Protein chains: 2
Amino acid sequence: MNKIDTHNSKGGDERSTATSLLRLGTRLKLSRQTRGLTLKALAAAANCSESLLSKVENGKISPSLPMLHRLVEVLGTNIGWMFEESDGEEGIVFRAGARPLIALDPLRRGEGISLERVIPYSPGHLLQCNIHHIEAGGESAGPIQHAGEEVGYLLEGAIDLMVGEKTFRLTAGDSFVFNSELPHWYRNVGDERASIFWVNTPATF
Amino acid sequence: MNKIDTHNSKGGDERSTATSLLRLGTRLKLSRQTRGLTLKALAAAANCSESLLSKVENGKISPSLPMLHRLVEVLGTNIGWMFEESDGEEGIVFRAGARPLIALDPLRRGEGISLERVIPYSPGHLLQCNIHHIEAGGESAGPIQHAGEEVGYLLEGAIDLMVGEKTFRLTAGDSFVFNSELPHWYRNVGDERASIFWVNTPATF
DNA sequence: GAAGCTAATTCAAGTGACTTGACAAGAAAT
DNA sequence: ATTTCTTGTCAAGTCACTTGAATTAGCTTC
């Protein structure tokens with residue numbers, strides 16, 4: 001029996017099976033998108049077809065365990081996280097070092113960058129918040145533009161932050177605010193890892 | 001002369017023309033996306049081709065004034081907004097130690113607390129952001145409730161954060177997120193100053 | 001162990017949103 | 001008037017993702 005959820009269940013169970021499938025799919029999709037991967041890319045990396053992924057993400061089928069395992073491996077999460085119950089009331093506090101870490105796809109989102117998720121995914125959040133860890137020499141890929149506002153605080157290291165036409169050299173403790181419409185990107189200019197606490201409005205992904 | 005920007009200019013101007021075109025395009029695109037319209041839909045509403053819109057949004061061509069007028073009309077903005085210089089440019093970066101510091105009224109807001117303003121007060125900000133410095137033994141006054149969402153990160157020290165019915169002990173590096181409607185307050189439980197990087201959506205959401 | 005089922009997986013074709021390039025129609029400059 | 005712009009259209013192309021039919025793998029059950 002390879003699948004996650006048996007279908008021997010009948011009647012009332014069917015529905016909850018369906019929604020849990022969908023939740024799994026949603027999380028997988030989110031993980032993928034956060035990393036800037038396309039279905040094709042992920043399929044290649046996890047050695048399966050795009051089609052399969054599409055169906056899994058949309059809750060049409062449930063992946064086999066080996067399959068799911070390969071997926072979370074590529075995505076850098078763990079299976080547990082995919083099934084964690086949504087954090088109503090709990091999940092207010094997240095401990096240092098216990099937050100999910102996501103490596104970005106170097107080609108699409110930037111070189112040597114990983115995101116530490118501060119706000120877990122669940123629909124209805126007004127804010128998006130990650131700690132960007134940038135290895136020495138790392139930099140974000142091409143400028144990004146979207147609606148909203150960005151605010152951040154440099155926890156450690158030194159970066160050049162480019163916003164609009166200007167470049168700013170930031171060191172630990174410096175902060176910034178700007179309109180997301182302005183194209184922006186950054187580069188680690190120190191010898192060590194730089195970390196930025198970064199918050200922005202709507203998660204218009 | 002139908003276009004926005006003349007091309008008689010030569011040399012150095014060309015570049016700025018190009019970027020201003022791109023900015024216009026970006027804003028148009030943003031307006032469209034915010035409204036959830038596709039190129040096709042907008043094209044139909046503004047009576048032009050998708051292709052044209054695509055080019056305008058990508059700064060490949062500049063729309064004629066009548067065209068632009070129809071666009072902003074459908075999008076419900078005005079032409080002026082499309083060209084407004086974004087206020088930003090200045091006031092993007094705030095240096096550690098150079099941010100305005102505000103001592104809270106002990107009676108009304110809390111004991112031994114000062115706020116370091118990260119986002120300057122000015123209308124039109126979507127976010128509110130302060131670093132809360134809490135002296136040893138200090139605590140916020142009675143619980144606060146408002147609409148929106150809060151996210152924070154403990155920069156240094158140790159605090160007890162009370163949200164709803166629960167209390168959490170936080171140390172440096174821990175983070176939290178919660179709905180602003182939940183009553184919340186905090187207390188410094190360490191021997192030294194505690195600092196929290198705190199972001200919230202303004203009540204006007 | 002073969003027969004039969006069910007559900008995961010694939011391949012190939014389809015769709016929707018956007019882009020690009022070749023060309024037509026107007027204005028502007030000569 | 002003719003040449004040279006540039007906006008605008010049409011049709012073809014691309015990219016990311018979906019859908020559907022066909023195949024395959026993994027159990028059950030005889």
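Naming: A, B, ... by sequence-line order, numbering from 1 per chain. What you see is a predicted model; the values in this text were computed from it and never measured.
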(message) Could you tell me how far apart B:Leu39 (CG) and C:dT20 (P) are, to the nearest whole angstrom?
(response) 12 Å

(request) Could you check if a side-chain atom of B:Ile131 sits within less than 4.5 angstrom of a side-chain atom of B:Arg99, using non-hydrogen atoms only? (result) yes

(message) For the CD atom of A:Glu50 and the OG1 atom of A:Thr38, what is their distance to the nearest 0.5 Å?
(response) 7.0 Å

(request) Check the distance between C:dA27's P and B:Leu65's CG and give it to me in whole angstrom. (result) 15 Å

Pick out the pairs of N or O atoms, protein on one side and nucleotides 12-14 of chain D on the other, that lie under 3.5 Å.
none

(message) Tell me the interatomic distance from B:Leu42, atom CG, to C:dC18, atom P, rounded to whole angstroms.
(response) 10 Å

(message) Looking at D:dT18, I'd like to know if its phosphate oxygens (OP1 or OP2) sit under 4.0 Å from a side-chain N or O belonging to A:Lys60.
(response) no

(message) Taking any heavy-atom pair under 4.0 Å as a contact, classify B:Ile61: base, sugar-phosphate, or nothing.
(response) sugar-phosphate

(message) What is the distance, to the nearest angstrom, from the NE2 atom on A:His69 to the C1' atom on C:dA8?
(response) 18 Å

(message) Quick check: do A:Glu149 and A:Asn179 have side-chain heavy atoms less than 4.5 Å from each other?
(response) no

(message) Side chains of B:Val118 and A:Val151, heavy atoms from C-beta outward: is any pair under 4.5 Å?
(response) yes

(message) How long is the straight-line distance from CD1 of B:Ile159 back to CG of B:Asn188, given to the nearest 0.5 Å?
(response) 8.0 Å

(message) Can you tell me if A:Lys40 touches the phosphate of D:dC15, counting only side-chain N or O atoms and a distance under 4.0 Å to OP1 or OP2?
(response) no

(message) Can you confirm whether A:Asp174 sits close enough to A:Phe168 that some side-chain heavy atom of one is under 4.5 Å from a side-chain heavy atom of the other?
(response) no

(message) For a 4.5 angstrom cut-off between non-hydrogen side-chain atoms, does B:Leu24 reach B:Ser62?
(response) no

(request) Indicate whether OP1 or OP2 belonging to D:dA16 is found under 4.0 Å from a side-chain N or O atom of A:Arg32. (result) no

(message) Using a heavy-atom cut-off of 4.0 Å across all strands, would you classify A:Glu50 as base, sugar-phosphate, or nothing?
(response) base

(request) Could you tell me whether B:Trp198 and A:Tyr153 have their ring centroids closer than 6.0 angstrom? (result) no

Expected rows: protein N/O vs nucleotides 21-25 of chain C N/O, under 3.5 Å:
from: C:dG21; atom 1: O6; to: B:Ser51; atom 2: OG; distance (Å): 3.4
from: C:dG21; atom 1: O6; to: B:Lys55; atom 2: NZ; distance (Å): 2.9
from: C:dA22; atom 1: N6; to: B:Lys55; atom 2: NZ; distance (Å): 3.4

(message) Can you tell me how far apart CG (A:Leu52) and CG (A:Leu71) are? Round to the nearest 0.5 Å.
(response) 7.5 Å

(request) Could you state the atom-to-atom distance from CG of A:Leu71 to P of C:dT9 in whole Å? (result) 9 Å

(request) Rounded off to whole Å, could you give me the CG-to-P distance for the B:Asn47 and D:dT7 pair? (result) 18 Å

(message) As a test of reading the structure: which of D:dG8, C:dC18, C:dT9 is closest to the side chain of B:Thr38, going by heavy atoms?
(response) C:dC18

(message) Would you call the rings of A:Tyr186 and A:His132 parallel, tilted or perpendicular, taking 30° and 60° as the class edges?
(response) perpendicular

(request) Could you check how far CG of B:Leu53 sits from P of D:dT7, rounded to whole Å? (result) 14 Å

(request) Verify the contact: side-chain N or O of A:Ser62 to OP1 or OP2 of C:dA8, cut-off strictly under 4.0 Å; return yes or no. (result) yes

(message) Whole angstroms only, please: what is the CG-P distance between B:Leu37 and C:dG16?
(response) 17 Å

(message) Can you identify which nucleotide, out of D:dC17, D:dT18, D:dT9, has its nearest atom closest to the B:Ser49 side chain?
(response) D:dT9

